[in-house]
Amino acid sequence: MADADRWPLRRIINVSVAALALFLLAAVVVGGMALNNLSDARETVVGRIDPALQQALRLESALVDQETGLRGYVLGADEDVLNPYTAGVRQQNDAIRQLERLLSDMPAAESDLARVVERAEAWRTRYAQPTIADIATSPTAQPNMTVAQGTVLFDPVRDELEALDDELNAAREDATTALQSAADSANLALIGIAIAFALVITTLAVGLRRAAIRPVSRLAEEVRQVARGDFDHRVQQSGPRELRELGADVNVMRERILSDLSAAKVAHAELDSRTTDLERSNAELEQFAYIASHDLQEPLRKVASFCQLLERRYKGKLDERADQYIAFAVDGAKRMQILINDLLAFSRVGRVVRESVEVSCAAVLEQATANLADAIERTEASVEAEELPTVSAEVPLLTAVFQNLIGNALKFRGDDPPKVRITARRDGGFWEIAVADNGIGIDPEYAERIFVIFQRLHNKADYPGTGIGLAMCRKIIEYHGGTIWLDTSVESGSRFCFTLPVIDATIDRDKDSDG
Ligand code: ADP
């Protein structure tokens, strides 16, 4: 098995096939030889000895026919009676010819036959032919030799015939025994081949299983273990060469994944720690913004009100420049108050938690347009909305989103009266709500910048504002689990989209069926 371990799979299969072929060849040779022997033995009995016995019988009856025919002729001197004799001679010659052919490789029987022929020849030449000649010359006279003398000459013929018969019977017995043993050998050979075949197949099956199938299954199991994520598991390299190579490849792959994984883990850990840092600094910033804006309000209010007091009391009493300076101070203090208020509102999102309620966006929109009623009237704007969904939200915050988006649509208007259109569609587990206008539009380049706090694309002389509205919208929408973006695919005007999670779908269905 150690050898097979080093062998390539191809060689294992080739050797197995060659072993099987060799075995089959040996089986064919051994089986063929056994069957050939059996056939030879059968041929000896059926094709030679049995026909020889038959011919020996014919020979005997031919000779006996001659003898009895001649005896009848001697008694009756009738030529017709001699027919059996002449027929016997013909039959005898034919039987002898057949026997000579059949007994060609049986020397003992051959010499027995020769003796039969010799004795028969002696009887014929010394008794039969002279007697026939005597009767032919004088049918009424007694032949020279008596019947008894003829019988004496014929007896050796019978003896030799008997010897030939015995010899043939003995030969038949031997051949039958040989036939039986050939049949036994053939049976044994076939049984042997069957057992050997079973052994070879079993050995091949066990060998293939140990040398090829088991290593393949083991490798497959180990690879599966790696595939399931156990990258530390080293794949054993055993079995045929191809499998060991495959195992080595899997190990290389596994080590690559491990090193990538550890790099990813390091990066992940770094990211985690940066995220934590970022979250902390964000929280600190928010805290700072809140405290600063909150604590600044009071002194600022004081500055603003004293500036206004100065303005009221000393307007026109000092020189023109002093009036101008006081007006600048009042304006600066007012703007600063607005900024601080916006900042405070921004930092309050998510910090001051109010209850989220299921509210219809249509109702929220109505509140927002009511808050913007003056601006809408002044700009002769139209605000249209499709059917809007019910969502779960903090109502003042969602109102602020609609108010900011519609407010911007009115503020960044074009030459025509503003047209604001609010639509909604469902996208999986979210509602996507869009606020589109026909205003001056936004260059897609600034699609991200406009959401950054205090970032504005215009100066405040052209369009008033603090640049906090969209940052506030993003913060509110993300706080509610959605996202907000500028749709850069519009050809004119601006279109802002935001998503909000659909309230549990099952609840919707229940409501529908109640309704
Ligand atoms: P503010 O409105 O106070 O300037 P925002 O955060 O609401 O701040 O908006 C940021 C900038 O995005 C605006 O200054 C303006 O340039 C651009 N903007 C926002 N909404 C629109 C709009 N509907 N049409 C054109 N420009 C807009």
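Computed from a predicted model, the values in this text were never measured in an experiment. Both ligands and their constituent atoms are indexed starting at 1 by order of listing.
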Amino acids contacting ligand 1, non-hydrogen cut-off under 4.0 Å:
Asn408, Ala409, Lys411, Phe412, Asp437, Ile440, Gly441, Ile442, Ile450, Gln455, Arg456, Leu457, His458, Gly465, Thr466, Gly467, Ile468, Gly469, Leu470, Ser494, Phe496
Restricting to side chain to side chain contact (heavy atoms under 4.5 Å, CB included), what partner residues turn up for Arg224, sequence neighbours left out?
Ala220, Glu221, Arg228
Any side-chain donor-acceptor pair under 3.5 Å between Asn341 and Gln337?
no
Determine whether Leu388 and Leu365 make a side-chain contact, defined as any pair of heavy atoms from C-beta on separated by less than 4.5 Å.
yes
Verify whether one side chain among Tyr479 and Glu394 offers a donor that lies under 3.5 Å from an acceptor in the other.
yes
Hey, would you say the Phe346 and Tyr290 ring centroids sit under 6.0 Å apart?
no
Within 45° cone of Phe451 ring axis and under 6.0 Å: Arg474 NZ or CZ:
yes
